Amino acid sequence: MDAVIAPSILSADFARLGEDVNAVLHAGADWVHFDVMDNHYVPNLTIGPLVCQALRKAGITAPIDVHLMVSPVDRLVPDFAKAGATCISFHPEATAHPDRTIRLIRDLGCRPGLVFNPATPLDWLDYVIDELDQILIMSVNPGFGGQQFIPRALGKLEAARRRILASGREIRLEVDGGIKVDNIARVAGAGADTFVTGSALFGSSDYAATIVAMRREIEAGRRAAL
């Protein structure tokens, strides 16, 4: 699969959000990543579906990748689907019935994904991998931006990639947390194809140069893994 770079708007300037999102997309980013936190499942409170809807109304046409760090999950899924989400991913621990939530997301016209925290085993995939379009591996503990990458995530990405290959399905393998130019090659080599990046991109002085550098490192990591 082609590499996807998905800037997390958690690190954008919310006073000029539409302008900032347009700038990273114009600079070569592929998706827009939404980190939705409820101060319940995680100790932080961020954005809701109205922000997603506002970006769509402002003319953003790129895929919007919604990561729900909320509990319960099902109540918010229809709101984000209606607001223009393309993909909706959630944590299996945050819902009573992961299979039902996956089906709800797909029935509402969005791509379903499952998210794994650093200490969450991949065993959930034994039961639902055939229903997923995305698997998101957290390389930090969820709740805050700007955290340092947890190296153990590399082994988890490799294990998830093996499961995807065994399934025979085209499932995106996404990674989120501490992704930077200086570690993205190792992450790509471990099997990720979709890269959420926040402060490393929005905190840079040149979005386009940072994205070019990331893509160069992704290709280097993929070649090294062959």
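Computed from a predicted structure; not experimentally measured.
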Beyond-backbone contact of V4 with D193, side-chain heavy atoms, under 4.5 angstrom: no

Hydrophobic cluster membership, L76 vs I88, 4.5 Å side-chain cutoff: yes

Under 3.5 Å donor-acceptor, S8 side chain and T197 backbone: no

Exam field: side chain R169 to backbone I129, donor-acceptor pair closer than 3.5 Å: yes

Euclidean distance, L68 CG relative to R75 CZ, rounded to 0.5 Å: 12.0 Å

Presence of salt bridge, R16 and D20, under 4.0 angstrom: yes

N/O donor-acceptor pair under 3.5 Å between N183 side chain and I179 backbone: no

Nearest atoms (heavy-atom pairs only) where A153 meets S139: CB-CB, 3.6 Å

Shortest non-hydrogen separation from A6 to H33 and the atoms involved: O-CB, 3.8 Å

Side chain proximity check, Q148 to K180, heavy atoms < 4.5 angstrom: yes

Closest approach of F202 to S11 (non-hydrogen atoms, all atoms of both residues): CB-O, 3.3 Å

Validation row: I47, I9 side chains within 4.5 angstrom (heavy atoms): yes

In one Ile/Leu/Val/Met/Phe/Trp/Tyr side-chain cluster, 4.5 Å: Y207, V32: yes

Test item: V77 and F90 side chains (from C-beta on) under 4.5 Å apart, heavy atoms: no

Nearest heavy atoms of D30 and A3, plus distance in Å: OD2-O, 3.7 Å

Co-membership, hydrophobic cluster, residues M138 and L201, 4.5 Å side-chain: no

Validation row: W124, L132 side chains within 4.5 angstrom (heavy atoms): no

Side-chain heavy-atom pair P142, N117 within 4.5 angstrom cut-off: yes

Flag, side chain of R56 to backbone of I60, donor-acceptor distance under 3.5 Å: yes

ILVMFWY cluster, I184 and I150 together (side-chain gap under 4.5 Å): no

side-chain contact (heavy atoms from CB on, under 4.5 Å) evaluation trace for D182 with F149: CA-CA 11 Å; D182 63 4; F149 179 84; over 6 Å; no

Atom pair SG/NZ of C52 and K82 - distance to nearest 0.5 Å: 12.5 Å

Interatomic distance, R215 atom CZ to E217 atom CD [nearest 0.5 angstrom]: 13.5 Å

Test item: W31 and T86 side chains (from C-beta on) under 4.5 Å apart, heavy atoms: no

Smallest separation among heavy atoms of G18 and L55, with atom names: CA-CD2, 4.0 Å

Note, R163 side chain near D126 side chain (heavy atom, < 4.5 Å): yes

D65-H67 side chain donor-acceptor pair, cut-off 3.5 Å: no

Y41 OH to H91 NE2 distance, which is reported to the nearest 0.5 Å: 4.5 Å

Stepwise side-chain contact (heavy atoms from CB on, under 4.5 Å) test for V181 and M214: CA-CA 5 Å; V181 172; M214 285 182 170; 3.8 Å; yes

Residue pair A94 / S71: nearest heavy atoms and the distance that separates them: O-OG, 3.1 Å

Atom CG of D2 with >12 non-hydrogen neighbours under 6.0 angstrom: no

Electrostatic pair R161-E158, nearest N-O below 4.0 angstrom: no

Donor-acceptor side-chain pairing of Q134 and T194 below 3.5 angstrom: no

Rounded distance [0.5 Å steps], CG in L173 versus CD1 in I137: 6.0 Å

Whether over 12 other heavy atoms sit under 6.0 Å from Y127 OH: no

Stepwise side-chain contact (heavy atoms from CB on, under 4.5 Å) check, L114 with I135: CA-CA 5 Å; L114 208 58; I135 296 169; 5.6 Å; no

Donor on one side chain, acceptor on other, T46 and D35, under 3.5 Å: no

Criterion side-chain contact (heavy atoms from CB on, under 4.5 Å) on L122 and F116, from CA distance to verdict: CA-CA 7 Å; L122 294 176; F116 294 88; 3.8 Å; yes

CG-CD1 distance between L125 and I171, expressed to the nearest 0.5 angstrom: 8.0 Å

hydrophobic_cluster_shared for M69 and L10, side chain cutoff 4.5 Å: yes

